Amino acid sequence: MYGALWRVLPGPWWLRLLILLLAAAAVVYALSFYVFPVVGLWLTPEEVTVE
C-alpha cells in the first residue's frame, strides 16, 4: 500500500516526503483535537478503584 501511495504522489522524492509528512501531521491533528475528545466523552469511567 505504501509503495502504491509513493508512486501516485507527484514530484521528486523530497516533495513526496513533504506531502506525506503534512498528511501525517493533519491526521494527528484531526485525531487529537476532534476524534479523541468525542471518544473520551463516551468512555468516561463510572467507578475508578486504584489501590
Side-chain angles (χ1 to χ4, degrees):
M1 177 182 154
Y2 298 113
L5 180 61
W6 187 258
R7 286 188 298 272
V8 169
L9 290 174
W13 69 269
W14 59 268
L15 182 60
R16 293 177 189 177
L17 183 62
L18 181 65
I19 292 170
L20 288 175
L21 289 175
L22 289 175
V27 167
V28 169
Y29 178 83
L31 284 174
S32 53
F33 287 104
Y34 296 110
V35 176
F36 292 153
V38 173
V39 172
L41 293 175
W42 295 340
L43 299 176
T44 55
E46 298 295 327
E47 185 176 323
V48 177
T49 57
V50 177
E51 295 180 326

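What you see is a predicted model; the values in this text were computed from it and never measured.
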Quiz item: Would L5 and L15 show up in the same hydrophobic cluster when neighbours are defined by side-chain heavy atoms closer than 4.5 Å?
Solution: yes

Practice problem: Give the cluster check for F36 versus L41: same hydrophobic cluster or not, with ILVMFWY residues linked at side-chain heavy-atom distances below 4.5 Å. | Solution: no

Self-check item: Residue list, side-chain contact (heavy atoms from CB on, under 4.5 Å) with P37, at least two apart or on another chain
Solution: none

Self-check item: Listed partners of W13 passing side-chain contact (heavy atoms from CB on, under 4.5 Å), at least two apart
Solution: W6, L17

Quiz item: Among all residues two or more places apart in sequence or in another chain, which pass the side-chain contact (heavy atoms from CB on, under 4.5 Å) test with L9?
Solution: R16, I19, L20

Self-check item: Pairing residues for Y29 by the ring-ring contact (aromatic ring centres under 6.0 Å, His included) criterion, not counting sequence neighbours
Solution: F33

Quiz prompt | Sequence-distant partners of V35, side-chain contact (heavy atoms from CB on, under 4.5 Å), two or more places apart | solution = L31, V39

